[in-house]
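Chain identifiers are assigned alphabetically (A, B, ...) following the order of the sequence lines, protein sequences preceding nucleic acid strands; residue numbering begins at 1 within each chain.
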Protein chains: 2
Amino acid sequence: MTEGEVDAASRVAAAVFLWAQPSGRRPGPKPKYTLDGIAEAAIAIADESGLDEVTMQRVAERLGTTKMALYRYVPGRAELDAVMLDTALGAPVVADEAHWRPALMAWATGVHDRAMTHPWIVELVQRPHTPGPRELAWFEAGLGAMVELPLRGGEKLDLLTLLVGHVMSLVRQRDSSGAPEQQLAANLASILATRAELYPWTASAFAEADDDGARDDALRFGVERVLDGVASLVAERAASSSSHS
Amino acid sequence: MTEGEVDAASRVAAAVFLWAQPSGRRPGPKPKYTLDGIAEAAIAIADESGLDEVTMQRVAERLGTTKMALYRYVPGRAELDAVMLDTALGAPVVADEAHWRPALMAWATGVHDRAMTHPWIVELVQRPHTPGPRELAWFEAGLGAMVELPLRGGEKLDLLTLLVGHVMSLVRQRDSSGAPEQQLAANLASILATRAELYPWTASAFAEADDDGARDDALRFGVERVLDGVASLVAERAASSSSHS
DNA sequence: CGTTATTGTGTCCATAGGACGCAATTAGTG
DNA sequence: CACTAATTGCGTCCTATGGACACAATAACG
């Protein structure tokens with residue numbers, strides 16, 4: 001297939017694999033490679049040429065071995081993806097900010113930075129999967145930033161989802177800055193130019209945005225909006241609870 | 001590859017194809033199938049079995065023909081995706097709401113509904129691509145809902161991105177309600193149970209969320225937060241501009 | 001030192017997308 | 001009313017990918 005999905009069984013298998021601890025070995029030859037080494041190689045390829053170029057073949061070539069040798073370390077492609085993701089995520093940034101607002105902003109920025117370093121992360125993260133240790137750690141950090149925030153558990157989870165969704169959208173956009181992607185933008189521009197009467201608001205919004213120059217604060221803008229929204233919810237609740245008591 | 005990406009050239013080609021108007025034909029046999037019919041078949045397969053199951057082969061089988069026959073109507077797989085997407089999106093909902101707030105809420109809900117009907121849309125929309133006519137129409141509708149909103153063009157675009165990102169995240173989550181996906185959730189639960197001390201906030205947030213029962217208003221919650229944020233930005237600007245004049 | 005699990009890797013297969021070629025078909029044209 | 005030429009349906013063939021299997025070489029352990 002051209003891309004993207006994996007069957008359910010593989011997804012579960014990948015999760016189990018990710019959380020399995022290294023079993024001490026006994027007999028047999030010493031492993032010539034390591035899981036980390038393989039992950040690194042795969043990540044390097046993804047960084048250079050995109051996730052599509054990551055095939056067992058290429059990873060093997062990069063390590064100077066053959067495709068099938070890898071299967072001794074990684075059960076399959078799905079597991080490779082899982083390992084790549086959890087490796088590339090790295091440890092979460094720990095904000096020592098006391099207040100939830102700057103803490104969440106720092107968290108979102110941290111996620112954004114990581115994702116920008118390895119844009120293919122977006123694809124993997126948004127694919128249905130069970131989070132690995134590192135990914136859960138990020139989650140944990142995000143929730144930690146919200147301890148002081150008077151929201152219900154489900155709401156906090158939703159909030160993180162909202163922020164992550166926003167960050168990932170932006171990374172997708174910014175990753176599309178390569179030469180070939182510019183052509184897509186150019187395409188859209190010429191389409192809009194031709195049918196401006198069909199899409200008046202769109203045409204003018206883009207025109208206006210171009211005039212503004214490249215606003216580089218889309219991340220901040222979005223996060224601020226969300227956090228403002230949270231703030232007003234909190235304020236509203238505080239008001240209604242005090243008037244009730 | 002397992003899934004997901006398409007090379008840049010294909011993406012551009014797909015866009016051109018999408019916006020090309022049907023050329024009047026002259027000689028030759030009458031086409032036995034139609035582009036719409038093919039799109040419908042592909043969409044049906046995607047709805048039933050997921051995007052991965054959509055192969056030229058299967059689409060052809062469904063139409064009672066052979067794979068290669070389809071290539072007379074569709075240049076390639078990338079173009080098929082593009083057509084599927086733009087067809088499944090359909091016409092945007094038109095909210096007659098005057099105020100931007102209910103209008104945007106209606107818009108977001110509309111996007112959510114469409115995406116829930118064909119969950120694979122999420123994958124295609126978030127892939128780098130040039131929007132087709134229908135997709136642009138949705139965009140246009142979203143911008144139209146914001147006419148009264150005193151924001152700059154770039155900000156409006158960012159806002160739509162933010163909302164779409166949120167909606168798509170939710171659809172991804174909700175689409176994961178099938179039996180196999182439940183296993184992923186179960187997996188996560190057992191992981192959290194085992195290492196609750198490593199991820200305390202996460203564990204408790206999930207526990208709390210479970211107690212609340214399935215909150216079905218994640219969509220509303222997120223959108224409200226964003227719109228609240230927009231409202232406070234607008235209020236803030238109104239205040240500072242009036243104090244400056 | 002033999003037993004046995006484990007590693008590296010070659011061979012073989014199915015499925016995907018897609019290039020090419022060619023016969024059958026039919027809108028215009030003289 | 002043929003004749004020309006474009007266009008359709010579709011069989012054949014090729015390449016890449018993930019992956020199952022088989023098997024010999026290797027090394028820990030009793």
If a pair satisfies salt bridge (charged side-chain N to carboxylate O under 4.0 Å, His left out) and one of its residues is in residues 31-51 of chain B, list it, with sequence neighbours excluded. B:Glu48-B:Arg62

Here's a test for you: under side-chain contact (heavy atoms from CB on, under 4.5 Å), which of A:Met116, A:His112, A:Arg172, A:Arg114 qualifies with A:Val167? A:His112

Between A:Leu124 and A:Asp81, which heavy-atom pair has the shortest distance, and what is it? CD1-O, 3.6 Å

B:Lys32 atom NZ is separated from C:dA24 atom P, nearest whole Å, by 14 Å

Rounded off to whole Å, could you give me the NZ-to-P distance for the A:Lys30 and D:dA25 pair? 19 Å

Numerically ordered, the residues 63-75 of chain A set in heavy-atom contact under 4.0 Å with DNA chain D is A:Lys67, A:Met68, A:Tyr71, A:Arg72

Do the ring planes of A:Phe139 and B:Phe206 sit parallel (below 30°), tilted (30 to 60°) or perpendicular (above 60°)? parallel

Of B:Ile43, B:Ile121, B:Ile45, which is the lone residue that meets side-chain contact (heavy atoms from CB on, under 4.5 Å) with B:Met84? B:Ile43

Please report, rounded to the nearest Å, how far the C1' atom of D:dG18 is from the CD atom of A:Glu79. 12 Å

How close or far is atom C1' of C:dA16 from atom CD of B:Glu53, stated in whole angstroms? 12 Å

Using atom OH of A:Tyr33 as one end and atom P of D:dT26 as the other, report the distance to the nearest whole Å. 15 Å

May I ask you to verify if any side-chain N or O of B:Arg58 is less than 4.0 angstrom from the OP1 or OP2 atom of C:dA16? yes

Output the rounded distance in Å from CD (B:Gln57) to P (C:dA16). 7 Å

Counting side-chain heavy atoms from C-beta on, which of D:dA6, C:dT4, C:dG18 comes nearest to B:Met56? C:dG18

D:dG9 P sits how many Å from B:Leu35 CG, rounded? 13 Å

Nucleotide nearest A:Pro29 (side chain, heavy atoms from C-beta), chosen from D:dT26, C:dT26, D:dG18: D:dT26

Here the side-chain hydrogen bond (donor to acceptor under 3.5 Å, both in side chains) pairs for residues 189-198 of chain B, sequence neighbours left out, are none

